[in-house]
Every structure is written in C-alpha cells, then in structure tokens.
S.K.: 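Here it is, the structure in full.
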Amino acid sequence: MLDIKYLRKSTQEAKQRLVDRGVAPEKLDELLAVDQQRRDTIQKVESLKSQRNDVTEKIAFAKRHKEDASEAIAQMQEVGAEIKTLDAQQAQLDEQVQSLAAHLPNLAHEDVPVGPDEAANVEQRKWEPAVYGHRPQALAPTPEWVKAHYDIGERLGILDFERGAKVSGARFLYYVGDGARLERAVYNFMLDEHRKEGYTEMITPIVVNDSAMFGTGQYPKFQEDAYRVAGLDQTYIPTAEVPLTNYYSGETLPAEDLPIKFTALSPSFRKEAGAAGKDTRGLIRLHQFNKVEMVKFTKPEQSYDELEKMTANAENILQKLGLPYHVIALSTGDMGFSAAKTYDVEVWMPQQQVYREISSVSNTEDFQARRMHITYRDEQGKLQLVHTLNGSGLAVGRTIAAILENYQNEDGTVTIPEVLQPYMGGQEYLQATRHI
RNA sequence: GGUACUAUGGCAGAGUGGUAAUGCAGCGGACUCGAAAUCCGCCGAACCCGUGUAGAGCGGGCGCCGGGGUUCGAAUCCCCGUAGUACCUCCA
C-alpha cells in the first residue's frame, strides 16, 4: 500500500512513478477524487458527532437532576439519523479508497532501470565455476549429447511426470528414489547455509487466511493465480514469503532486534493462470514446488544493504553448488506488484542454452509493512514502519533441473555436486535404477 | 466439531446504559555531589479529519477483540464472527 499522504502532497511525481510501473495516470486521479469526497464526508459527520456529544452530555446532566430533556432528545433523534446516513456513506467511500489504493503497485526505487518490460532489465554480474562438472568451461558450447533435465530425470527413473499427471493433473510430479533424496539433500543444504548466515529457520503454516494474502500483496489483485481452499477463506501459499512476512503482522518490533531474518522450506502452490502452454515439460513451471525462502525485517536506512546481502546469500548457494548464473536488476515494468527493487538470479540451463530464473530477491520497503502494520520505535520513540524483504534461496525444483543438466555425463549418469554428497550418504553419482 | 467461560492501555486490573478508576512501568521536574527512596506533574490507542511552523502545536472525531443492531447516549444490552481457556468428542 502506498502512503496516501504522499500521493496527495506530491501528486505529479507520484503519477510519473506510477506510469513507470505501467499504471494509467487516471488511476491516481480517481483515487484522489474519491479520497477528497471521503474527507468532505468525514468533516460533515464529525461536526455532527461533536454536536451530539455536547447535547448528550447535557441530557445526562438533566436526567441526573430529574429535569425534562425530551426536547433535546427529540432533536438528537434527527441528528442521529443523519449521522447514520453519513456514516454509511463514509464507510462506502472508505471501501472505495481502500480498494483503489490496494490495487496500486509499489513505486520503484530511483536506482531501478525504467522500462516497460524485461527488455529493459540490466545484467549486474555473471558467475561461473572454475571447474564445471567434468568440463573446464561452463558456458562453452554445449555438447550435443546434453539432454533436457526432464529427459535425464525420466531416464534415471527419478522424476515421474506421468504418474503425477494421473494422480493430480498436469504440472504435478513424483520424485522417486534418488530423486526424492536429492531434493531433500538440496533443501537441507540450503537451509543449513542460511542458518549459518544468521537466518532463523521456520516451519510455517502452508494455508493462510485472506488478510495474510492481502498483507504481502497477493490479494486483492492476483486471486486468480491462487489455490483457494474450497469453502473456506483460506489459501494454499504461493510462497513462504506470505506466512514468514505476516508472522509479525500488527506488531511493533524492538528496534534493537532489527534486522530480523527468517528462512523456511515450504511447498508453493500456483495455478499459473496465463501460462498455458509455457514450459509444459519438466520442473520449471509446476502447480506445486518446493522453495526455500528468505525474509527480512529491517529499519528503512538499512534495507538496501540488506537487499544486497540477501542476493549474495542466494548466489552463495549457486556458487557452492557450482552452477553458473547471472544476476539481473529488473526494470520498473518487469517487477512484481509489491517490490520497490528486485534482483533476479538466473541459472544457466545448458540444454536450452538460456538463463532461467531460480531466485527473485526484492525490497518492498514499507509497502507490505503498511498493509500489515509492522512497526518499530525509533530513537525518538515514534512508531515507524519497518521495511520488509524477501527472496528465494532457492527454488528447489529448478535447482534440481539445473543440477541434472549441468552435471550430466556423456554416459547418462549425473555427478552429484560435492557439497551435496554428505547429504546423500557419500553417493557421488545418480544412475539409472529400476523402481517398482 | 459440541458446551461453558473469557477478551479493557506496555503489564496488572476496576467499571452492568450517562461517555474509560487505580496500581506498576515510562517521561519531565523537585530533593541529592550523584543515585535510590520520596514528592509533584505528565503520559495510554498501528488510527482518522481540520488547521499548520506539515509526522511540531492546537481543535475535533474515533477508541474497551472485529462487525452489525437497539438507544438521545453502549465497555456495559442483543445478534453474527474471531481468538484464548476449560471440559467433552475425535484423533497423529
């Protein structure tokens, strides 16, 4: 949620910044017009209420002294009715303001490249391991025998998309045997790394209520992509960002505890509405996938430092896994709804020879904190909104995909990255095994 | 899931229709070399509106878990929720 006082005071500037985010400028005019109506109504009704409070006090006084107050009471009946009408009007205007404001995305930080879409994103840096699987060069031309991760996964018998579709539907799968083990190794490794960096590990609810979904910005605008629990006002989380960030909703945090850092593994559920036909094969785009998430609560002045650190935490995982990647800064037109600034980390997928998003790290500044009222007291003892950040660290399924493609060998086996071997009982290779 | 009870400021805790006691904590001051104790004063709400020196100050509204209702007037009465506790039921 944006600060309505800022929108009123710096309307022209705000309008330009909203345009950068792809919002029609009339949206702001509309909001401010309704806001003006609302404030006019408030002034009317509050002066009536003030009057009522005075008269009512006199009535009370009269009653105590056994005097007649029927005239004042009769008069107040009318005022009362008028107040009721205006109150109802105001409630309606409140709702309109809320709804219009709730649909406006966050404003971009001044560093963010301005542009309408992903073409305006800017690469920040690129990384590749010195030793890459069994080959020296990561980005050297991909040998022709390199297969897509889903082909290797099925051939090794560790990914079962067919039965996933049979039991659940398209975009669901079973991990089988070493596949399930590898998935578990990957997320345990990730959680251990983040814990070393000072993140507190959490296991969260994976079903949340509507106000939590509103708090992080998924609702009201993006309901069509959410898995709602039938018959209940609850939703399967699209990311652990939702329960982790809402953990402190409505609370005032001790300033000395900031920044607070959480990490959690959770399944994530997405309908992927509008993605029909895209990435239909493999682990890239599923209705359910595991993700290790990082969330931070910070003071405003430290949030951009913490954004860099969180991005580095995501990169650290890829570096230790020896997977090539690059980091890009998303443009104003490509960022998510709640973000003020976002870095995407994209991992190299050799079979398609493209970088695919494996992590997205965002500073939402006070956008989410205003929605869910998370504050701290500054040195003057005044309540201030915290800044919240979130980032994947990393998407687990996509990490598996990247490992299968980057670490495959010509004989059809896959080398298990060294840092994961201790999590796999020392096993060094994945090879075809027959499972029942 | 059922029944009963409960929900008031940072904490504790009064208030059963007349507009939120009191204690602790906090802040300021007096006393003191300083501190403690004591005394005096202030202070309670993620809020909203007006004015404005523009998150100061002042005035008003609101405010007793949330939302409705009754009433001139609701913390108080009624209804619907939510959460907690106890017992029951059911379980992992």
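Just the heavy atoms: all of them, side chains too, but no hydrogens, waters or symmetry mates, feed the values below. Lettering follows sequence order; numbering is per chain, from 1.
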S.K.: B/G68 P sits how many Å from A/D87 CG, rounded?
M.R.: 9 Å

S.K.: Indicate whether any N or O donor in one side chain lies under 3.5 Å from an N or O acceptor in the other, for A/N290 and A/E183.
M.R.: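 A donor-acceptor contact under 3.5 Å links the two side chains.
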
S.K.: Need the pair for B/C58. Rule: Watson-Crick or G-U wobble, both distances under 3.5 Å, any strand; none if unpaired.
M.R.: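 Looking at the geometry, B/C58 pairs with B/G50.
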
S.K.: Classify A/R38 by what it touches in the nucleic acid, base, sugar-phosphate, or nothing, heavy-atom distance under 4.0 Å.
M.R.: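 Here A/R38 touches the backbone only, sparing every base.
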
S.K.: Taking atom C1' in both B/A83 and B/G67, what distance in whole Å separates the two?
M.R.: 15 Å

S.K.: Between A/I42 and A/K49, which residue's closest nucleotide on RNA chain B lies nearer the 5′ terminus?
M.R.: A/I42

S.K.: Run the salt-bridge test on A/K309 and A/E306 with the 4.0 Å N-O cut-off and return the result as yes or no.
M.R.: yes

S.K.: Please confirm whether any donor atom in the side chain of A/Q43 sits under 3.5 Å from an acceptor in the base of B/G60, or the reverse.
M.R.: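 No pair found.
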
S.K.: Nearest whole angstrom, please: distance from the P of B/U71 to the CD1 of A/I59.
M.R.: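 Distance check: A/I59 CD1 to B/U71 P gives 14 Å.
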
S.K.: Under a 3.5 Å limit for both distances, which nucleotide forms a Watson-Crick or G-U wobble pair with B/C39, could you say?
M.R.: B/G29

S.K.: Say we look at B/U6 and B/C65: how far apart would their C1' atoms be, to the nearest angstrom?
M.R.: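 Each nucleotide's C1' atom is 11 Å from the other's.
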
S.K.: Using purine N1 to pyrimidine N3 plus N6-O4 or O6-N4 for Watson-Crick, or N1-O2 and O6-N3 for G-U wobble, each under 3.5 Å, what pairs with B/A92?
M.R.: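 Per the H-bond distance test, none.
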
S.K.: On a whole-Å scale, what distance lies between the P atoms belonging to B/G66 and B/U71?
M.R.: 23 Å

S.K.: Should the pair A/R228-A/D210 be classified as a salt bridge under the 4.0 Å nitrogen-to-oxygen rule?
M.R.: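 Yes.
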
S.K.: Between B/U89 and B/G26, how many Å separate the two P atoms, rounded to a whole number?
M.R.: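 After rounding to an integer number of Å, I get 49 Å for this pair.
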
S.K.: Give none if B/A74 has no partner; otherwise give the nucleotide forming a Watson-Crick or G-U wobble pair with it, both distances under 3.5 Å.
M.R.: none

S.K.: Quickly work out the A/D94 CG to B/G61 C1' distance and round it to whole Å.
M.R.: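 Interatomic distance, CG of A/D94 to C1' of B/G61: 13 Å.
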
S.K.: Give the rounded distance in Å between these two atoms: NZ of A/K5 and C1' of B/A56.
M.R.: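 Whole-Å distance recorded here is 13 Å.
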
S.K.: The side chain of A/R52 is closest to which nucleotide in this list: B/G50, B/C72, B/G60?
M.R.: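 Taking heavy atoms from C-beta onward, the closest nucleotide is B/C72.
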
S.K.: Is the distance from the ring center of A/F297 to that of A/Y248 below 6.0 Å?
M.R.: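 Yes; A/Y248 has its ring centre under 6.0 Å from that of A/F297.
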
S.K.: Name the nucleic acid region contacted by A/R377, choosing base, sugar-phosphate or nothing; use a 4.0 angstrom heavy-atom cut-off, strictly under.
M.R.: nothing

S.K.: In whole angstroms, how far is the P atom of B/C47 from the CG atom of A/L385?
M.R.: 9 Å

S.K.: If you find the nucleotide of RNA chain B closest to A/Q51 and the one closest to A/V55, which residue's nucleotide is nearer the 5' end?
M.R.: A/Q51

S.K.: Taking only the P atom of each, what is the distance from B/A36 to B/A25 in whole angstrom?
M.R.: 12 Å

S.K.: In whole Å, measure the gap between the C1' atoms of B/C64 and B/A74 for me.
M.R.: 11 Å

S.K.: B/G57 and B/A12: how far apart are their P atoms, nearest whole angstrom?
M.R.: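 Taking atom P in both B/G57 and B/A12, they lie 29 Å apart.
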
S.K.: Between A/E251 (CD) and B/C65 (P), how many Å, whole number?
M.R.: 19 Å

S.K.: To the nearest Å, how far apart are A/E82 CD and B/G73 C1'?
M.R.: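 That distance rounds to 17 Å.
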
S.K.: Looking at B/U3, which nucleotide sits across from it as a Watson-Crick or G-U wobble partner, both distances under 3.5 angstrom, or is there none?
M.R.: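 Paired with B/A86.
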
S.K.: Hydrogens and angles aside, do A/S359 and A/Y325 bring a side-chain donor and acceptor to less than 3.5 Å of each other?
M.R.: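 The criterion, which ignores hydrogens and geometry beyond distance, is not satisfied for A/Y325 and A/S359.
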
S.K.: For nucleotides B/C49 and B/C42, find the distance between their P atoms and express it as a whole number of Å.
M.R.: 30 Å

S.K.: Check every strand shown and say whether A/E71 touches a base, only sugar-phosphate, or nothing at a heavy-atom separation below 4.0 Å.
M.R.: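 Contact class for A/E71: none.
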
S.K.: Any carboxylate oxygen within less than 4.0 angstrom of a Lys/Arg side-chain nitrogen, looking at A/E197 and A/K261?
M.R.: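 No, no charged N to carboxylate O under 4.0 Å.
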
S.K.: Check every strand shown and say whether A/K84 touches a base, only sugar-phosphate, or nothing at a heavy-atom separation below 4.0 Å.
M.R.: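 A/K84: backbone/sugar contact only, no base atoms under 4.0 Å.
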
S.K.: Indicate yes or no: does A/D35 engage A/R38 in a salt bridge with an N to O separation below 4.0 Å.
M.R.: yes

S.K.: Counting side-chain heavy atoms from CB outward, which of B/G61, B/G55, B/G18 is closest to A/N53?
M.R.: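 Of all the options, the side chain of A/N53 is nearest to B/G61.
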
S.K.: Rounded to the nearest Å, what distance is computed from the CD1 atom of residue A/I4 to the C1' atom of nucleotide B/C48?
M.R.: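 Taking CD1 of A/I4 and C1' of B/C48, I get 12 Å after rounding.
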
